[in-house]
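Okay, structure first, notes after.
Residues: numbered from 1 along the sequence shown. Keep in mind it's a predicted model, so treat the numbers as computed, not measured.
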Amino acid sequence: MEIITIANQKGGVGKTTTAVNLATAISAVGKRVLLVDLDPQGNASTGVGLFREDRKYGSYEMILGHVSPEDTIVPTSVPNLDLIPATQHLSGAELELVGMQEREYKLKKAFQSFSYQYDYVFLDCPPSLGLLTVNAFVASQHLLVPLQCEYYALEGLSQLIQTHQLVKANLNKNLKLHGIVLTMFDKRSGLNVSVVNDVKKHFGGLVYDTVVPRNIKVSEAPSYGKPVILYNFKSPGSQSYILLAREFLIRMEGLRQNDAA
């Protein structure tokens, strides 16, 4: 399985939206996809139609070893897309993990006991660099960073990259910085355009060509428990995530060929 962490310690940058819609778009082309909600807010779970009262077990119970990983998996209305939701107990996981041995490896160990097989697993992290996010970093091969086209988002990017380097040096040597996805872009904003140019100049090929625009349909979709691709397929937000999924799959295939060589 290719495990991809989607993370940014700044909230409101389109992290969960990217996780939900990228996972949906990739499952739509026949790939087996698992979305894991590691954010106590549980927005990724809601975004694919599983509301809080319907969640029995989830990522908390899996990480703490209370149930087997298979017992936490819930099918979604999207073909080929399964979910491990965030339950109400996840908000206390950070405190519980602090006193545990090998606390950074709990999620990795859970995945090692997985009997299900997926093509891609997407981990939606909380907007912080706490132990849940570190567990995701340790369990993954790839880090994908959604970045809002705003100045403050740029400020936090260096901290996230530093955390990635620390985890790679000390906990998971296989964690690659897969790419940066620019989100909430407004072409009418000179600042947004400037941020896009600065990020592409500084990070080069790490930055995805597809830029996700600010779009009202993307904001509306979660209230209906649907990814925007199902809520309004023709909207600019939907089309951008379809293009992003295509670019993601091309990149992943390129990485596989490089590894094979």
Side-chain donor-acceptor contact under 3.5 Å, S194 with N197: no
Polar side chain donor-acceptor pair, S238 to S235, under 3.5 angstrom: yes
Non-hydrogen atoms of V196 and C149 that approach each other most closely: CG2-SG, 3.7 Å
Check: Y116/D82 side-chain N/O donor and acceptor closer than 3.5 Å: no
Check against side chain to side chain contact (heavy atoms under 4.5 Å, CB included), F137 and T163: CA-CA 9 Å; F137 281 18; T163 301; 3.8 Å; yes
Evaluation steps, ring-ring contact (aromatic ring centres under 6.0 Å, His included), between H66 and Y57: CA-CA 9 Å; H66 296 168; Y57 300 127; 9.4 Å; no
Non-hydrogen side-chain atoms of H89 and L64 separated by less than 4.5 Å: no
Linked, directly or transitively: L132 and M100 (ILVMFWY side chains, under 4.5 Å): yes
Side-chain (D119) to main-chain (M1) donor-acceptor, under 3.5 angstrom: no
Residue list, side chain to side chain donor-acceptor pair (under 3.5 Å) with T76, at least two apart or on another chain: none
CG on L123 to OG1 on T5, rounded to 0.5 Å: 4.5 Å
Exercise: do N43 and T16 side chains pair donor with acceptor under 3.5 Å: no
For A110 against P69, the heavy-atom pair lying closest together: O-CG, 3.4 Å
Side chain proximity check, L175 to H164, heavy atoms < 4.5 angstrom: yes
Which residues share a side chain to side chain donor-acceptor pair (under 3.5 Å) with N172, sequence neighbours left out: none
Distance-only donor-acceptor check, side chains T46 and R55, under 3.5 Å: yes
Single-linkage hydrophobic cluster, 4.5 Å side-chain cutoff, I250 and M252 together: no
Pair T133-Q9, side-chain donor/acceptor within less than 3.5 Å: no
Steps toward side chain to side chain donor-acceptor pair (under 3.5 Å) verdict (N21, T24): CA-CA 5 Å; N21 288 289; T24 300; 5.2 Å; no
Donor-acceptor under 3.5 Å (E2 side chain, V121 main chain): no
Heavy-atom side-chain contact between L38 and L107 under 4.5 Å: yes
Partners meeting salt bridge (charged side-chain N to carboxylate O under 4.0 Å, His left out) with E247 (sequence neighbours left out): R251
Closest approach of N215 to G237 (non-hydrogen atoms, all atoms of both residues): OD1-N, 3.3 Å
Heavy-atom pair with the smallest gap, counting every atom of P126 and D39: CA-CG, 3.7 Å
I3 and F122, any side-chain heavy atoms less than 4.5 Å apart: no
Under the side chain to side chain donor-acceptor pair (under 3.5 Å) test, residues paired with S59 that sit two or more places apart: none
V36 side chain near F111 side chain, heavy-atom distance below 4.5 Å: yes
Residue E70 excluded, over 12 heavy atoms near CD under 6.0 Å: yes
Contacts of H178 that satisfy side chain to side chain donor-acceptor pair (under 3.5 Å) - sequence neighbours left out: Y208
Joint hydrophobic cluster, V20 plus I84, side-chain heavy atoms closer than 4.5 Å: no
Over 12 foreign heavy atoms within 6.0 Å of OH, Y224: no
Atom CZ of R256 with >12 non-hydrogen neighbours under 6.0 angstrom: yes
Under 3.5 Å donor-acceptor, N135 side chain and K106 backbone: yes
Enclosure of K200 NZ (heavy-atom neighbours >12, cutoff 6.0 Å): yes
Shared hydrophobic cluster, L144 / I242 (ILVMFWY, side-chain heavy atoms < 4.5 Å): yes
Salt bridge (Lys or Arg N to Asp or Glu O under 4.0 Å) pairs, two or more places apart, involving residues 95-105: E102-K109
From CG (N170) to CD (Q165), nearest 0.5 Å: 11.5 Å
Minimum side-chain heavy-atom gap L147-T183 below 4.5 Å: no
Beyond-backbone contact of V167 with L143, side-chain heavy atoms, under 4.5 angstrom: no
Heavy-atom closest contact (V195 atom, Y151 atom, distance): CG2-N, 4.2 Å
Residue pair Y241 / T18, side-chain donor-acceptor N/O under 3.5 Å: yes
ILVMFWY network linking L244 to Y120, side-chain heavy atoms under 4.5 angstrom: yes
Closest non-hydrogen atom pair between D37 and S45, with its separation: OD2-OG, 2.7 Å
L83 side chain near L50 side chain, heavy-atom distance below 4.5 Å: yes
Neighbour count >12 (heavy atoms, 6.0 Å) for atom CD, Q101: no
Step-by-step side chain to side chain donor-acceptor pair (under 3.5 Å) determination, E61 to T87: CA-CA 8 Å; E61 288 79 8; T87 60; 3.2 Å; yes
Check: S68 main-chain N/O paired with T72 side-chain donor or acceptor under 3.5 Å: no
